[in-house]
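Please read the structure below before turning to the comments.
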Amino acid sequence: MKKNIIIALLIAGGLGMSSCKKSLDLLPTDTFNEANAFQNIADLRAGLNGAYARLQNYGDVIYATSLVSDETKIGNGNNGQGLFTYRWQYNSDPTSGGDVISIIDDAYIIIDQANRVLKYVPTASASTLEEPQRPYIKGQLLAIRAFGHFMALQGYSNNYNPADPLGIPIMLESNILATPGRNTMGEVMTQIETDLSEAKTLCAGQPFSDVSFNVINIAALQARIALYKGDYNAAITYATEVISANNKPLVSGANFTGIWVDLNQNEILLRTVSTSAFMGSYYTTTGNNIYISPSDKLVASYATNDIRRIAYIGGTPGAYYVNKYYTSSRGGRVVDVKIFRTSEMYLIRAEANAKKSSPDLTAAAADLNAVRAARISGYVNETFTSATALVTAILDERFKELAFEGHRFYDLKRSNLPVQRLTSDANAAWLTLPAGDYRFVFPIPSTEFNVNPNMVQNPGY
């Protein structure tokens with residue numbers, strides 16, 4: 001990982017626990033501790049800001065899932081970066097599996113930070129003027145904790161089945177000595193949805209912001225989760241809530257291309273503000289070495305009049321690079337990570353309308369066409385007479401619209417589709433990851449089993 005972690009936090013009570021225990025044993029009696037860290041509202045806000053900083057970890061999801069999908073190919077300046085991952089040769093050890101096992105570490109760092117602050121929300125002192133901040137702080141922390149749990153569930157469990165025992169551990173308090181087992185997927189989902197429901201209530205009345213959780217981007221997370229679950233009516237409801245609020249409508253032209261160099265925040269529902277080249281340097285160096293390149297398959301998917309082609313992809317044939325995280329006014333590769341965008345809500349609602357028990361092809365096509373019209377010059381609306389054809393078109397549109405945003409691999413997984421690369425993008429041995437292959441579920445890090453006897457590995461590893 002390319003992040004500085006101040007303290008070795010648990011991954012479900014395991015990762016780094018031995019070193020953390022040693023550090024605790026050596027701490028002097030007058031050192032910093034949580035009890036004196038979160039004494040008032042200002043302290044809580046500082047802790048909340050720390051939790052938001054941890055959301056940058058979502059960049060590891062974007063990077064790892066782009067490697068294992070059909071979005072990328074090995075760049076002409078690659079020196080071994082991501083090769084095990086790209087070739088689907090990852091296992092549970094850090095040597096071969098570092099890219100994919102880091103995601104669960106990241107997720108529990110997010111969860112742990114939220115839990116550390118949540119503990120003191122009821123007891124921190126506040127003035128009369130400050131007191132209204134308390135419920136809003138709690139609501140944001142609950143949303144962050146839900147985000148972390150969902151981040152882990154997507155990567156380390158199968159497609160949603162509430163009875164599946166191999167969910168992920170639910171963590172509701174910070175405890176480096178905990179040794180939890182895996183909750184069922186249904187139990188995890190119930191906790192996620194409970195946190196989000198309470199968060200939404202506590203955040204009611206707060207203004208929209210694209211750098212903090214509020215009722216609108218909480219609804220965006222609820223829409224994403226509902227689509228993942230296959231709860232299509234709920235997905236439509238939540239996506240409509242976001243779209244109808246009209247905080248960040250669809251844009252086109254320079255208003256769209258400017259998003260990706262951080263000239264504006266159009267369409268962005270939630271982002272992390274980057275101050276380093278953390279995200280962009282996964283793909284290219286400031287010296288313009290291309291580690292990981294957009295796949296020929298992705299490049300070819302864009303029509304010449306599709307503005308996403310120049311917004312997402314730079315360079316020339318044989319030397320294409322990921323333009324989404326390439327540059328901003330803050331420097332090369334220093335670009336904000338966009339976690340939720342309005343176009344995703346249109347595509348969620350489109351897919352849900354096409355897949356629900358009584359498909360609404362007209363509504364689904366309208367949302368698909370709205371996204372295309374904003375991106376493709378001279379676009380003419382397409383009509384569909386088959387739900388199957390429409391779903392295929394929506395998934396293809398998600399491939400183009402949401403490239404390098406952490407969706408493609410999970411879209412193929414939940415749709416029971418293979419990863420299928422072009423022969424120009426990969427060696428023959430790495431062209432196809434069959435639908436349902438065990439590698440669609442990432443391995444639990446082997447280090448976890450050294451300290452947690454209750455953990456269960458995913459099949460195949």
Side-chain angles (χ1 to χ4, degrees), residues 1-3 5 9 11-12 15 51-72 81-82 84-86 88 90 94 97-114 143-160 168 188 192 217 220-221 223-225 227-228 268-274 276 278-283 291-292 312 322 324-325 335-341 344 348 398-399 401-414 419 433 439-445 458:
M1 293 185 295
K2 298 186 177 181
K3 297 176 290 297
I5 300 174
L9 297 175
I11 166 250
L15 277 184
Y52 277 119
R54 299 292 188 260
L55 290 185
Q56 184 169 278
N57 293 354
Y58 187 68
D60 284 342
V61 175
I62 292 172
Y63 174 64
T65 58
S66 72
L67 286 178
V68 295
S69 74
D70 50 0
E71 290 180 330
T72 59
Q81 298 89 346
F84 285 117
T85 309
Y86 182 77
W88 304 306
Y90 44 83
D99 296 323
V100 296
I101 64 176
S102 69
I103 294 173
I104 196 165
D105 183 12
D106 292 336
Y108 281 97
I109 288 172
I110 292 170
I111 294 165
D112 185 79
Q113 179 70 20
I144 290 169
R145 184 169 75 182
F147 181 89
H149 279 110
F150 182 60
M151 181 172 152
L153 190 68
Q154 273 191 303
Y156 298 87
S157 296
N158 278 302
N159 289 336
Y160 186 66
I168 49 101
V188 178
I192 290 171
N217 49 34
L221 177 53
R224 185 183 290 181
I225 290 169
L227 186 69
Y228 164 83
I268 301 171
L269 300 168
L270 185 67
R271 62 190 169 99
T272 68
V273 180
S274 295
S276 72
F278 154 67
M279 188 68 232
S281 60
Y282 271 142
Y283 296 103
Y291 290 157
I292 304 297
Y312 294 178
V322 176
K324 270 193 172 180
Y325 307 104
V335 183
D336 294 346
V337 176
K338 288 74 175 174
I339 298 177
F340 297 108
R341 291 197 297 118
E344 181 194 353
I348 285 174
R398 287 178 63 93
F399 177 51
E401 175 67 21
L402 303 175
F404 311 114
E405 294 183 56
H407 297 281
R408 178 60 172 177
F409 185 67
Y410 293 151
D411 283 349
L412 295 173
K413 174 182 174 179
R414 67 182 174 81
V419 177
L433 184 67
R439 288 165 291 186
F440 272 101
V441 181
F442 297 141
I444 304 295
N458 285 320

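Quick note: residue numbers are just sequence positions, from 1. Nothing here was measured: the structure is a model prediction, and the numbers come from that model.
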TODO: Just do the side-chain contact (heavy atoms from CB on, under 4.5 Å) check on Leu227 and Arg414 with the steps written out, would you?
DONE: CA-CA 9 Å; Leu227 186 69; Arg414 67 182 174 81; 3.5 Å; yes

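- Contact between Gly406 and Ile62 at its shortest, heavy atoms only, is N-CG1, 3.8 Å.
- For the pair Tyr58/Ile110, no side-chain contact is recorded, criterion being any heavy-atom separation below 4.5 Å from C-beta on.
- Under a 3.5 Å cut-off, the side chain of Tyr325 and the backbone N or O of Phe404 do form a donor-acceptor pair.
- Here the closest non-hydrogen pair linking Lys338 and Glu405 is O-OE1, 4.3 Å.
- Between Leu433 and the choices Val68, Asp70, Leu412, Val419, the side chain to side chain contact (heavy atoms under 4.5 Å, CB included) rule is met once, by Val419.
- The closest donor-acceptor contact from the side chain of Ser66 to the backbone of Glu71 lies at 3.5 Å or more, if one exists at all.
- Contact annotation: the side chain of Leu153 approaches that of Tyr228 to within less than 4.5 Å [non-hydrogen atoms, C-beta and beyond].
- With respect to Val322, the side chain to side chain contact (heavy atoms under 4.5 Å, CB included) criterion is satisfied by exactly one of Tyr283, Tyr291, Tyr312: Tyr283.
- Remark: of the listed residues Arg408, Lys324, Arg341, Arg341 is the sole one forming a salt bridge (charged side-chain N to carboxylate O under 4.0 Å, His left out) with Glu401.
- Sorted by first and then second residue, the salt bridge (charged side-chain N to carboxylate O under 4.0 Å, His left out) pairs involving residues 143-155 (not counting sequence neighbours) are Arg145-Asp195.
- For the pair Ile103/Met151, a side-chain contact is recorded, criterion being any heavy-atom separation below 4.5 Å from C-beta on.
- Side-chain contact between Phe409 and Leu67 is absent, with no heavy atoms from C-beta onward closer than 4.5 Å.
- In terms of modelled atom types and a separation under 3.5 Å, the side chain of Asp99 and the main chain of Ala64 share no donor-acceptor contact.
- His407 has its side chain out of reach of Phe399: every pair of non-hydrogen atoms, C-beta onward, lies at least 4.5 Å apart.
- In this pair, Tyr156 and Phe442 present their aromatic rings perpendicular. The plane angle is above 60°, beyond the 30 to 60° band.
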TODO: Please test Leu221 against Phe147 for side-chain contact (heavy atoms from CB on, under 4.5 Å), starting from the C-alpha separation and ending with a verdict.
DONE: CA-CA 8 Å; Leu221 177 53; Phe147 181 89; 4.2 Å; yes

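- Taking CG of Asp336 as the reference point, atom OG1 of Thr272 lies at 6.0 Å (rounded to 0.5 Å).
- Within the 4.5 Å cutoff, the side chain of Ile292 has no heavy atoms near those of the Tyr86 side chain.
- Ile192 approaches Ala146 most closely through the heavy-atom pair O-CB, 3.9 Å.
- Nearest approach of Ala152 to Tyr108, heavy atoms of both residues: CB-CE1, 4.2 Å.
- Taking a cutoff of 4.0 Å between a charged side-chain nitrogen and a carboxylate oxygen, Arg224 and Glu344 qualify as a salt bridge.
- Within the 4.5 Å cutoff, the side chain of Ile111 has heavy atoms near those of the His149 side chain.
- Side-chain atoms of Asn158 never come within 3.5 Å of backbone atoms of Val441 as a donor-acceptor pair (strictly under, hydrogens ignored).
- Surrounding OH of Tyr52 are more than 12 heavy atoms belonging to other residues, nucleotides or ligands, all under 6.0 Å away.
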